[in-house]
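Remember, it's a predicted structure, so these values are computed and weren't measured experimentally.
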Amino acid sequence: AELSTGMRPYLLLALITLSAPLAAQSLSVRHAKALDLPAPSVALDLRAELGAAATAALDAGIVLPFQAQWPLGAGRTLTQSLNLAYSPLLDQYALTIGSRVQRHRLRNALLAALENATLSWPEATPCASACGGRIRVVLDRGRLPAPLRLQALTDPDWNLDSAWTTLDP
């Protein structure tokens, strides 16, 4: 029986993942600083290394959805999506932060853009004083395509979570 066209990338990804040597993966916030702007904003200094499975998924055209979480206190938390994508047709990578899209020719340039991302919430109410607090960036495994969700929950290669980091003063 022939595979449907929609399932071919997932089969290819499964074969690559099973045969690829395990690469180190990590996501950490080295520094994060709230910016003095009218809207709550933060400049990130991340360290991002995708493992073999996440790299294979990205190169197969599967979007890697990350989410930044910034609790500001009083029950108020700001979240923003950061999506890594690759278009094989255009041979181009893209980083989408909220509604802003940055295009890159190389995966390393894409990861460098993620590592130096500036996040802004123009629709959010400004902080009464310095925003401060802590921030976290995590792979949103629930937004991965259905065939990858189980593997993402059980395979440590998909555990991309920066942990909570206090913003620099």
Side-chain angles (χ1 to χ4, degrees), residues 2-33 41-70 77-122 134-165:
E2 181 145 337
L3 287 174
S4 70
T5 304
M7 289 302 293
R8 287 183 186 155
Y10 299 112
L11 178 61
L12 176 63
L13 175 63
L15 291 173
I16 290 170
T17 302
L18 292 174
S19 64
L22 291 179
Q25 55 74 30
S26 68
L27 181 65
S28 60
V29 177
R30 293 184 281 216
H31 302 284
K33 183 170 179 65
S41 303
V42 65
L44 294 176
D45 179 7
L46 297 172
R47 182 166 194 257
E49 293 182 24
L50 301 179
T55 298
L58 178 62
D59 289 343
I62 296 169
V63 173
L64 299 183
F66 290 85
Q67 184 180 72
Q69 303 164 351
W70 187 14
T77 299
L78 300 177
T79 60
Q80 190 158 116
S81 63
L82 300 97
N83 294 323
L84 303 181
Y86 174 68
S87 171
L89 183 61
L90 299 174
D91 191 24
Q92 193 172 69
Y93 292 90
L95 169 62
T96 305
I97 301 174
S99 60
R100 295 173 292 148
V101 179
Q102 301 173 23
R103 301 198 186 283
H104 303 277
R105 299 284 301 152
L106 302 172
R107 185 181 338 112
N108 287 346
L110 171 76
L111 293 175
L114 173 67
E115 290 176 343
N116 296 292
T118 298
L119 309 178
S120 182
W121 289 265
R134 57 194 184 133
I135 195 162
R136 168 185 178 193
V137 179
V138 62
L139 178 68
D140 188 350
R141 294 183 261 188
R143 288 182 36 224
L144 286 169
L148 287 178
R149 285 185 202 144
L150 181 59
Q151 178 185 1
L153 289 172
T154 59
D155 185 346
D157 194 37
W158 290 95
N159 188 19
L160 294 164
D161 185 340
S162 71
W164 292 105
T165 302

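Shown here is R103, whose CZ atom has no more than 12 heavy atoms of other residues, nucleotides or ligands within 6.0 Å. In L89, the CG atom is not crowded: 12 or fewer heavy atoms of neighbouring residues, nucleotides or ligands sit closer than 6.0 Å. Atom CZ of R100 sits in a crowded spot, with more than 12 heavy atoms from other residues, nucleotides or ligands closer than 6.0 Å.
Shown here for T154 and P156, the closest heavy-atom pair between the two residues is O-CD, 3.5 Å. Taking every heavy atom of both residues into account, A85 and V63 meet most closely at CB-CG2, 4.0 Å. Here the closest non-hydrogen pair linking G142 and R149 is O-NE, 3.3 Å. Contact between A48 and E115 at its shortest, heavy atoms only, is N-OE2, 2.9 Å. Nearest heavy-atom pair across A52 and D157 is N-OD2, 3.2 Å. Of all heavy-atom pairs between R107 and D59, the closest is NH2-OD2, 2.7 Å.
Remark: L84 CG to I62 CD1 distance equals 13.0 Å, nearest 0.5 Å. The distance from the CG atom of L150 to the CG atom of L144 is 11.5 Å, given to the nearest 0.5 Å. Summarising the geometry, atom OG belonging to S99 is positioned 8.5 Å from atom CD belonging to Q80; distances are rounded to the nearest 0.5 Å. Summarising the geometry, atom OG belonging to S26 is positioned 4.0 Å from atom CD belonging to E49; distances are rounded to the nearest 0.5 Å. With values rounded to the nearest 0.5 angstrom, D161 atom CG is found 9.5 Å from L139 atom CG. Note that CG of L64 is 12.0 Å distant from CG of L82, once rounded to the nearest 0.5 Å.
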**Request:** Please lay out, stage by stage, how L27 and F66 fare under the test side chain to side chain contact (heavy atoms under 4.5 Å, CB included).
**Result:** CA-CA 11 Å; L27 181 65; F66 290 85; 3.9 Å; yes
**Request:** Give the C-alpha distance, both sets of side-chain angles, the deciding distance and a yes or no for side chain to side chain contact (heavy atoms under 4.5 Å, CB included) between Q25 and W158.
**Result:** CA-CA 8 Å; Q25 55 74 30; W158 290 95; over 6 Å; no
**Request:** Walk me through it: do Y93 and L58 pass the test side chain to side chain contact (heavy atoms under 4.5 Å, CB included)?
**Result:** CA-CA 9 Å; Y93 292 90; L58 178 62; 4.1 Å; yes
**Request:** Give the C-alpha distance, both sets of side-chain angles, the deciding distance and a yes or no for side chain to side chain contact (heavy atoms under 4.5 Å, CB included) between L78 and V42.
**Result:** CA-CA 11 Å; L78 300 177; V42 65; over 6 Å; no
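Side-chain atoms of S162 come within 3.5 Å of backbone N or O of V137 as a donor-acceptor pair. Side-chain N or O atoms of R136 include none that pairs as donor or acceptor with a backbone N or O of A163 at under 3.5 Å. Side chain of R141 to backbone of A152: a donor-acceptor contact under 3.5 angstrom is found. Remark: the backbone N or O of P65 is not paired with any side-chain donor or acceptor of D140 at under 3.5 angstrom. Of the possible polar contacts, none joining the Q102 side chain to the L114 backbone as a donor-acceptor pair under 3.5 Å is found.
Proximity of S41 to L119: side-chain heavy atoms (C-beta onward) are nowhere separated by under 4.5 Å. L160 places a side-chain heavy atom less than 4.5 Å from the side chain of L50.
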